[in-house]
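Down below is the structure, laid out as structure tokens.
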2 protein chains.
Amino acid sequence: MDDIDRALVRRLQQDAGQSYAALGTAVGLSAGATHERVRKLRERGVIRRTTVEVDPAAVGSGVLAYVMVDSNAWMGESKEAFEAIAEIQEAHIIAGSASVLVKVRTATTEQLQDVLRRLYAVDGVSGTHATVVLDTFFERPLPL
Amino acid sequence: MDDIDRALVRRLQQDAGQSYAALGTAVGLSAGATHERVRKLRERGVIRRTTVEVDPAAVGSGVLAYVMVDSNAWMGESKEAFEAIAEIQEAHIIAGSASVLVKVRTATTEQLQDVLRRLYAVDGVSGTHATVVLDTFFERPLPL
DNA sequence: AGATCGCGTGGATGACATCGACCGGGCGCT
DNA sequence: AGCGCCCGGTCGATGTCATCCACGCGATCT
């Protein structure tokens, strides 16, 4: 993981569709060597996958909210229960009073309410506190 | 934006590297037609860009925290101030008592503390409340 | 009915990923 | 120090793929 690897990852984050030749020129390597480096980055798990970034509003998920989930039991084994709710984009165990923090995207606030209802139905959940996002300044890739 | 478009986006989210031929076979189209559909999805902004998903821990951002930022002024014009802090991955205006919610990734908790210090230095910021993530259940693409 | 347009197919072509042969410099071993 | 090994690079060949074009079909509007 040297400077060249970091430069490659940074450029791939911006555009994963460019040719290995272009990528190689940018970092001062041949296409073959570039290909080999990127292959190893994938192999090591530094690059998890190549994907497309989608506009949430364009696919019917214009409402974004973060929900603090309070519980009266250990939630460490409840991964599947949260995964089963399709509208949940992220779920994290957190330090502090609530025990789980989830990121939810829905089309409408009515659907958000329905997600909260389903969250209450999860074993051990004793309460929720939803924070609705009014405007997103930015969402950007990891710094390197 | 019909069922085929949704299927294309879903498959591209999982693997943006596959060939248009494979993609086309999966949805029942020729490579040419598939290419044209994806081109239009990009043009319309449904697909914002193609990128790689990176393991945060592998690039020195093993600590994740969400920070509620309280303020005593209107924060709607402070986008640049938050953008200037590289460790901030997302920044949102929120409804509720705090006025901005940011997602922060750092290598260590010391660096997290430094980010909080820099947040205090932003005009109008009157307080912060950081929630440290202990374990991430999952982070996944948008549902379709 | 006829013209038009959006959306598809199939084939040609040039670019690109991918692989293999080869090379050189750093490093440990004797 | 000299030797050999291995990692990581260049270069060139080859098959696959993206990309473009000519054309066909059906729905819509006049």
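Here is how names work: the chains are called A, B, and so on, in the same order as the sequence lines, proteins then strands, and each is numbered from 1. All of these numbers come straight from a predicted model, not from anything done at the bench. Computation of the quantities below employed the complete heavy-atom set of this structure, encompassing side-chain atoms and omitting hydrogens, waters and symmetry-equivalent molecules.
- Legend: residues meeting side chain to side chain donor-acceptor pair (under 3.5 Å) with D2(A), ordered by chain and number and at least two apart, are R37(A).
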Enumerate, atom names and distances included, each donor-acceptor pair closer than 3.5 Å involving a side-chain atom of residues 132-144 of chain A, sequence neighbours excluded.
{"from": "T136(A)", "atom 1": "OG1", "to": "H92(B)", "atom 2": "ND1", "distance (Å)": "2.9"}
{"from": "E139(A)", "atom 1": "OE1", "to": "R105(A)", "atom 2": "NH2", "distance (Å)": "3.3"}
{"from": "E139(A)", "atom 1": "OE2", "to": "K103(A)", "atom 2": "NZ", "distance (Å)": "3.3"}
{"from": "E139(A)", "atom 1": "OE2", "to": "R105(A)", "atom 2": "NH2", "distance (Å)": "3.2"}
{"from": "R140(A)", "atom 1": "NE", "to": "I88(B)", "atom 2": "O", "distance (Å)": "2.8"}
{"from": "R140(A)", "atom 1": "NH1", "to": "E83(B)", "atom 2": "O", "distance (Å)": "2.9"}
{"from": "R140(A)", "atom 1": "NH2", "to": "E83(B)", "atom 2": "O", "distance (Å)": "3.2"}
{"from": "R140(A)", "atom 1": "NH2", "to": "I85(B)", "atom 2": "O", "distance (Å)": "2.6"}
{"from": "R140(A)", "atom 1": "NH2", "to": "I88(B)", "atom 2": "O", "distance (Å)": "2.9"}

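- The salt bridge (charged side-chain N to carboxylate O under 4.0 Å, His left out) search around R48(A) returns D55(B), not counting sequence neighbours.
- For D3(A), the side chain to side chain donor-acceptor pair (under 3.5 Å) partners at least two apart in sequence or on another chain are R6(A).
- Applying the side chain to side chain donor-acceptor pair (under 3.5 Å) test to pairs two or more places apart or on separate chains, those with a residue in residues 15-36 of chain B are E36(B)-R39(B).
- The footprint of chain B on DNA chain D, defined by a heavy-atom cutoff below 4.0 Å, extends from dC17(D) to dT19(D).
- In the helix from dA1(C)-dT30(D) to dT30(C)-dA1(D), the end axes, each obtained as the rotation axis mapping the C1' atoms of four pairs onto the next four within a five-pair block, lie 30° apart to the nearest 10 degrees.
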If you restrict it to nitrogen or oxygen atoms, what contacts under 3.5 Å exist between nucleotides 15-18 of chain C and the protein, and what is each distance?
{"from": "dA17(C)", "atom 1": "OP1", "to": "Y20(A)", "atom 2": "N", "distance (Å)": "2.9"}
{"from": "dA17(C)", "atom 1": "OP2", "to": "Y20(A)", "atom 2": "N", "distance (Å)": "3.4"}
{"from": "dT18(C)", "atom 1": "OP2", "to": "H35(A)", "atom 2": "NE2", "distance (Å)": "2.2"}

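- For residues 116-131 of chain B, the pairs satisfying side chain to side chain donor-acceptor pair (under 3.5 Å) are E87(B)-R118(B), D114(B)-R117(B), D114(B)-R118(B), with sequence neighbours left out.
- Between V9(A) and L41(A), the closest side-chain pair of non-hydrogen atoms falls below 4.5 Å.
- W74(B) forms part of no hydrophobic cluster, judged by ILVMFWY side-chain heavy-atom separations under 4.5 Å.
- Taking atom CD1 of residue I4(B) and atom C1' of nucleotide dC7(C), one finds them 10 Å apart after rounding to whole Å.
- Atom pair L41(B):CG and dC7(C):P shows a separation of 12 Å (rounding to whole Å applied).
- Evaluation of the salt bridge (charged side-chain N to carboxylate O under 4.0 Å, His left out) rule for R49(B) yields E53(A) as partners, not counting sequence neighbours.
- Considering only residues two or more places apart in sequence or on other chains, R10(A) meets the salt bridge (charged side-chain N to carboxylate O under 4.0 Å, His left out) condition with none of them.
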